[in-house]
Number of protein chains: 2
Amino acid sequence: MTRLPPENLARAVAPDNPMAVWRQAGFDPHDCPVRNILDHIAAKWTVLILLELHLGPQRFNGLLRALPDISRRMLTQGLRDLERDGLIDRTVFDTRPPAVEYRLTPLGQSLMGPLLALVGWSTDHGQVIASARARFDSAADAA
Amino acid sequence: MTRLPPENLARAVAPDNPMAVWRQAGFDPHDCPVRNILDHIAAKWTVLILLELHLGPQRFNGLLRALPDISRRMLTQGLRDLERDGLIDRTVFDTRPPAVEYRLTPLGQSLMGPLLALVGWSTDHGQVIASARARFDSAADAA
DNA sequence: GAGTGCAAGTCTCAGATAGAGACTTGATCG
DNA sequence: CGATCAAGTCTCTATCTGAGACTTGCACTC
């Protein structure tokens, strides 16, 4: 609780902020590029799938074993989404029983740079965030 | 459908891949750092909230106007999550009626680098992804 | 002093989504 | 004949999301 009135919340003109650019460009909220693309990339399981495939090509059951608490249904769906977006390739081998291999496409590879940077940030700041959470939760309990 | 049997799916030893590091460190799937932290950062609305706050401090109803199709409920929840993680600050001014201002903390600021890189990647490759999707969907229709 | 407005939420309910795990398919093994 | 394996699909329930009505406390108008 502060007494300063919140006058003049000046919006910075941040030339590197996509939000500012989109707004100038007309910004149709139903075609928001972040939501359209990042919603897939950053969905619950896709980051893990991409990290695992970054280690090398992998098969369906291999991914299932590598990502211990993903369900088959969610793995299938995540793989389909990534394939649809052109980030991974799906190859069927006609062995018996058939095997299916997933691997990153060049487009998928090109995503790994930014994605690993973000994952790196989150592991770098994991402790700080954990203690922020603990502080917030104990303040909430006190209230 | 290919005829090469998928033998020896050698897992690359990628020293920069967090997955490999975690696995060596014991990797408790229920304490997965990516999911714990990225699930919040990369949740449906938080990226948009962070981008908007990167333009400058903003109040509740201001965010509601800025992010046209977010609901009050989801905005409240997203802001709470970000506050709990220490990425944004919430300040109440005792004007009448009271005003509440949200702004990035230094920790939140430090996230913007990697996050903007990822958003940049997604806008850079938006066209490629859109056409990959169109190709995938028309192939599915054909089948 | 009754009515209206405002900021920043909370509440409720319906519909969408995620997860657990049983089932499918076709060929090969005991 | 029955079991097994890979790569899914199907079903059913539990959880989550979104729309939007409602709340609270004060100030301002009539």
Side-chain angles (χ1 to χ4, degrees), chain A residues 1-7 9 29-30 32 35 39-40 42-49 52-53 57-84 88-103 140 143, chain B residues 1-7 9 29-30 32 35 39-40 42-49 52-53 57-84 88-103 140 143:
Chain A
M1 193 85 109
T2 330
R3 280 182 183 277
L4 299 172
E7 306 293 353
L9 295 178
H30 293 282
C32 168
R35 293 234 318 271
D39 275 4
H40 287 176
K44 183 159 188 180
W45 293 107
T46 45
V47 175
L48 264 347
I49 295 174
E52 181 62 28
L53 291 180
Q58 182 64 290
R59 288 163 50 181
F60 188 86
N61 283 334
L63 288 166
L64 216 50
R65 276 186 296 274
L67 276 27
D69 51 359
I70 194 174
S71 68
R72 294 164 197 284
R73 203 176 77 93
M74 286 297 101
L75 179 57
T76 302
Q77 188 173 306
L79 289 168
R80 285 293 167 282
D81 280 355
L82 292 171
E83 188 193 357
R84 188 169 102 101
I88 65 176
D89 260 343
R90 176 176 181 277
T91 312
V92 179
F93 296 92
D94 62 356
T95 51
R96 295 294 151 198
V100 179
E101 185 191 276
Y102 295 93
R103 65 169 66 223
Chain B
M1 194 85 108
T2 332
R3 278 178 186 279
L4 298 173
E7 307 294 351
L9 295 177
H30 292 282
C32 168
R35 292 232 321 270
D39 276 3
H40 287 175
K44 183 160 187 177
W45 292 107
T46 45
V47 175
L48 266 345
I49 295 174
E52 180 63 29
L53 291 180
Q58 181 65 290
R59 287 164 50 181
F60 188 86
N61 283 336
L63 288 166
L64 217 50
R65 276 188 297 275
L67 276 26
D69 50 359
I70 195 173
S71 67
R72 293 165 200 285
R73 204 176 77 91
M74 286 297 103
L75 179 57
T76 302
Q77 187 172 308
L79 289 169
R80 285 294 167 282
D81 280 355
L82 291 170
E83 188 193 359
R84 187 168 104 100
I88 65 175
D89 261 342
R90 177 177 181 277
T91 311
V92 179
F93 296 92
D94 62 355
T95 51
R96 294 298 148 199
V100 179
E101 184 191 277
Y102 295 92
R103 65 168 67 223

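Chain identifiers are assigned alphabetically (A, B, ...) following the order of the sequence lines, protein sequences preceding nucleic acid strands; residue numbering begins at 1 within each chain.
Summarising the geometry, atom CD1 belonging to A:I49 is positioned 6.5 Å from atom CG belonging to A:L67; distances are rounded to the nearest 0.5 Å. Taken from CG in A:D89 to CZ in A:R103, the straight-line distance is 8.0 Å, to the nearest 0.5 Å. Note that CG of A:D81 is 6.0 Å distant from CD of A:Q77, once rounded to the nearest 0.5 Å. To the nearest 0.5 Å, atoms OH (A:Y102) and CG (A:L63) are separated by 8.0 Å. If you take CD1 on B:I88 and CZ on B:R80, they are separated by 8.5 Å, rounding to the nearest 0.5 Å.
Residue B:N61 contributes atom CG, which lies 9 Å from atom P of C:dG9 at whole-angstrom precision. As a whole-Å value, the separation of B:H40 NE2 from D:dC16 P is 11 Å. Between B:L75 atom CG and C:dA7 atom P there is a gap of 14 Å when expressed in whole angstrom units. Between the CZ atom of A:R73 and the C1' atom of D:dA14 there is a distance of 12 Å, given to the nearest Å. Rounded to whole Å, atom P of D:dT17 lies 19 Å from atom CZ of B:R72. Following rounding to the nearest Å, B:M74 (CE) and C:dT17 (P) show an atom-to-atom distance of 14 Å. Atom C1' of nucleotide D:dG8 and atom CZ of A:F60 are separated by 6 Å, given to the nearest angstrom. Atoms CG (B:D69) and P (D:dA19) sit 7 Å apart, rounded to a whole Å.
A close approach under 4.0 Å does not occur between any side-chain nitrogen or oxygen of A:Y102 and OP1 or OP2 of D:dA6. Look at A:W45 and you won't find any side-chain N or O under 4.0 angstrom from OP1 or OP2 of C:dA18. The side chain of B:R90 contributes an N or O atom lying less than 4.0 Å from OP1 or OP2 of C:dG9. Taking 4.0 angstrom as the limit, B:Q77 places a side-chain polar atom (N or O) nearer than this to OP1 or OP2 of D:dT17.
Nearest nucleotide to the side chain of A:P97, out of C:dG9, D:dC5, D:dG18: D:dC5. Candidate nucleotides D:dA7, C:dG19, D:dG18 were compared by shortest atom distance to the side chain of B:S71, and D:dG18 ranks first.
Taking the nucleotide of DNA chain C with the nearest heavy atom to each of A:P98 and A:K44, the more 5' of the two is matched to A:K44.
If you check distances only, the side chain of A:R96 never reaches the base of D:dA6 with a donor-acceptor pair under 3.5 Å.
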